[in-house]
Amino acid sequence: MNKIIEMKNISKIYRAGEVDVPALKDITVDINKGTFVSFIGPSGSGKTTLLNLIGALDTPTSGILKVDGAETGRLSTKKRAIFRGENIGFIFQDFNLISVLTVYENVEYPLLMVKETPREKRVKIVNALLEKTGMLDQKAKYPSQLSGGQKQRVAVARALTTSPRIVLADEPTANLDHDTAFMVISLMKKMRDESGVTFIFSTHDPKIVGVVDIIHTLEDGIIMKSEEVTHG
Amino acid sequence: MGNLIKIAFRNLYRQKRRTLLTIAIISVGVIAVLLFSALSGAFKNMMVGQITDSMLGHMQIHRKGYVSSLDNLPLDKTIDAKQMKKMGEILDRIPRVEAYSKRILMGGMLSNYMETTNIKVAGINPKDESIVTPLLTSRIKKGEMLKKGEILLPELVTKGMNLKVGQSIVLIVNNVDGSVNGQNLKIAGIVESVVGPTGKYGYIHIDDAVTVLRMDEPEFSEIAIRLNKISSLDKVTRQISLEIVEMKNKEGEPIFEVHSWQELSPFYNIAKMIDLMSLFINILLVAIVLISILNVMIMAVYERIKEIGTLTAIGTLPGKIRTMFLMEGLFLGFFGSVAGSIIGVILIIATKFAHITIAFGRNENILIDPAIPFDQMALITLVSTIVAVLASLQPAIKASHMDPIEALRYS
Ligand SMILES: Nc1ncnc2c1ncn2[C@@H]1O[C@H](COP(=O)(O)OP(=O)(O)OP(=O)(O)O)[C@@H](O)[C@H]1O
Ligand SMILES: [Mg+2]
């Protein structure tokens with residue numbers, strides 16, 4: 001299998017005033033194309049930092065990071081924004097839907113504003129994704145009219161509209177109850193199975209990682225263990 | 001672009017109360033500017049009209065030095081018949097000149113055989129003078145326009161000496177050579193005085209002026225000129241002044257000079273003052289738009305930090321985020337000034353129907369008739385919109401440069 005993400009001796013140090021905060025220390029890990037990967041670890045262990053690096057939102061302090069062959073750390077701010085728009089889908093802990101846009105418009109947004117896809121194609125893609133995420137009948141609603149689980153389903157659809165290479169979800173279930181959380185993870189898994197997109201998410205809740213392929217456990221900025229899960 | 005406009009609109013709609021408040025603030029500013037400009041403009045036009053149409057005319061030509069010694073009404077600084085003929089040719093050639101009136105001004109004594117008083121008198125041709133100063137006839141409170149052998153007396157003189165229309169008086173004047181001459185004249189009418197340097201003059205027929213001054217041929221003190229449109233004042237003043245400088249004396253210096261009413265009347269300063277106040281009120285409007293929009297847009301960016309982070313994270317380029325916020329500011333400025341313009345016009349029309357009158361000088365009940373300033377409305381809307389966009393620029397740039405990681409961490 002070919003690697004979509006390569007990390008070699010990655011470290012990330014934040015400067016908070018006078019003190020340096022090492023958030024990631026010497027991380028070396030590869031992620032294969034199409035896998036469903038989870039990073040788990042306690043609060044402050046570096047999950048968000050790691051996902052931000054993979055998502056080209058941030059650049060490593062040292063080490064080599066390649067995302068789909070590109071060294072995103074060497075790109076300019078604008079180039080990284082373009083890279084994100086073309087290659088990465090994001091799912092957030094707080095859903096982060098645009099409150100003035102409807103469900104349909106939220107899912108359509110990346111196609112319209114980032115990829116500038118023609119209308120006919122947009123309609124097809126958005127409706128298909130809403131169908132798959134079970135949100136088609138809610139498409140005229142505004143985010144404030146949805147439950148948390150529904151919002152996150154819309155967010156999953158939005159993350160997939162541009163057919164990205166990788167979808168990153170930083171604690172996508174932290175604001176959901178257990179059952180809903182499990183449903184969202186299952187939906188992500190289903191979407192991975194159908195599209196073959198690499199899904200990477202972080203959580204501090206070990207109970208919901210049953211469906212993933214690989215679990216990396218982070219602690220204090222170090223990967224303590226990596227285990228493959230065999231589904232029976 | 002369409003989507004950016006949609007998002008900007010929805011965001012404005014989301015903050016309905018704040019949006020309405022901002023639009024209302026800008027509207028009030030625009031209404032204030034429009035009303036002030038319309039009313040002060042109407043007042044100014046009325047004032048200028050009273051000044052030029054009562055006595056002064058739009059502009060005047062004199063021999064050089066006459067205006068600076070106007071108090072003495074010197075009889076040796078005149079325009080002689082030959083020069084007048086040439087001057088007439090120049091004025092006839094300029095289509096913007098509607099009419100001109102030749103005047104002979106003199107200072108003298110007025111006697112009713114018992115009392116005497118000082119008086120200044122203008123010798124005029126009644127027909128020309130009525131065109132150049134159309135308000136003269138309406139200034140005649142008693143009696144009527146003079147004919148040859150008659151005199152129009154200013155109200156103040158007749159009151160003091162208890163003179164009535166139809167009575168005879170004697171006008172005694174100094175001639176050019178220093179001798180004294182008098183003439184019997186019948187009082188044709190009494191004219192209301194007007195404010196301004198020449199507002200308390202009496203009038204006699206120009207032929208009587210020539211006779212009483214014992215002139216061999218008429219020599220004129222001034223030519224008062226009326227234009228078709230007062231708006232061409234500067235242009236025509238320049239044109240006439242260019243033509244008459246060609247008339248030179250033996251030393252090669254120009255003999256005559258032309259003055260617009262603005263140089264002859266102290267009221268020009270009031271007109272200028274009104275323009276200055278208009279300017280200040282316009283600057284105030286710009287400040288209102290600038291501050292209110294800046295305030296709203298800073299708030300809008302601040303409360304949407306997380307949303308901006310999300311949009312940036314999923315790949316929206318900074319330019320689009322900037323445009324989104326600029327649109328919001330633009331709409332606030334545009335709709336605020338359009339609403340203000342509409343209400344302003346309604347109020348201006350209302351003042352027309354209200355028939356607001358004021359007293360100016362000794363004239364009462366002069367109607368203030370404001371015009372609807374369409375071009376000013378367009379300009380105000382344009383300027384307010386541009387200022388609104390400029391005010392949004394700093395918040396919009398700040399939003400577009402936001403670090404997505406920081407913005408997403410923000411709660
Ligand atoms: N912008 C920043 N400036 C300074 N320190 C930071 C910054 N972001 C994160 N850190 C620090 O880096 C370390 C890792 O943070 P990170 O957010 O990656 O952890 P996390 O595993 O996502 O935690 P959580 O489960 O609470 O989200 C923490 O010690 C945190 O305080
Ligand atoms: Mg985190």
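Chain A is the first sequence line, chain B the second, and so forth, proteins listed ahead of strands; every chain is numbered from 1.
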Do any N or O atoms from the side chain of Lys47(A) and from the backbone of Gly41(A) form a donor-acceptor pair under 3.5 angstrom?
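A pair under 3.5 Å: yes.
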
Is the backbone of Lys235(B) close enough, under 3.5 Å, to the side chain of Ser232(B) for a donor and an acceptor to pair up by distance?
no

Do Val301(B) and Gln394(B) touch side chain to side chain, with heavy atoms closer than 4.5 Å?
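Not touching, per the 4.5 Å side-chain cut-off.
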
What part of [X] gets within 4.5 angstrom of chain B, counting heavy atoms only: side chain, backbone, both, or neither?
X         : result
Phe83(A)  : neither
Glu105(A) : side chain
Ile88(A)  : neither
Tyr142(A) : side chain
Asp94(A)  : side chain
Arg158(A) : side chain
Ser99(A)  : both

Residue pair Ser292(B), Ile26(B): steps toward the side chain to side chain contact (heavy atoms under 4.5 Å, CB included) verdict:
CA-CA 8 Å; Ser292(B) 55; Ile26(B) 295 171; 4.0 Å; yes

Interface moiety of Leu317(B) toward chain A, non-hydrogen atoms closer than 4.5 Å:
side chain

The side chain to side chain donor-acceptor pair (under 3.5 Å) partner of Lys12(A) among Thr59(A), Thr49(A), Asp58(A) is Asp58(A)

Rounded to the nearest 0.5 Å, what's the gap from CD on Gln152(A) to CD1 on Ile91(A)? Could you check?
6.5 Å

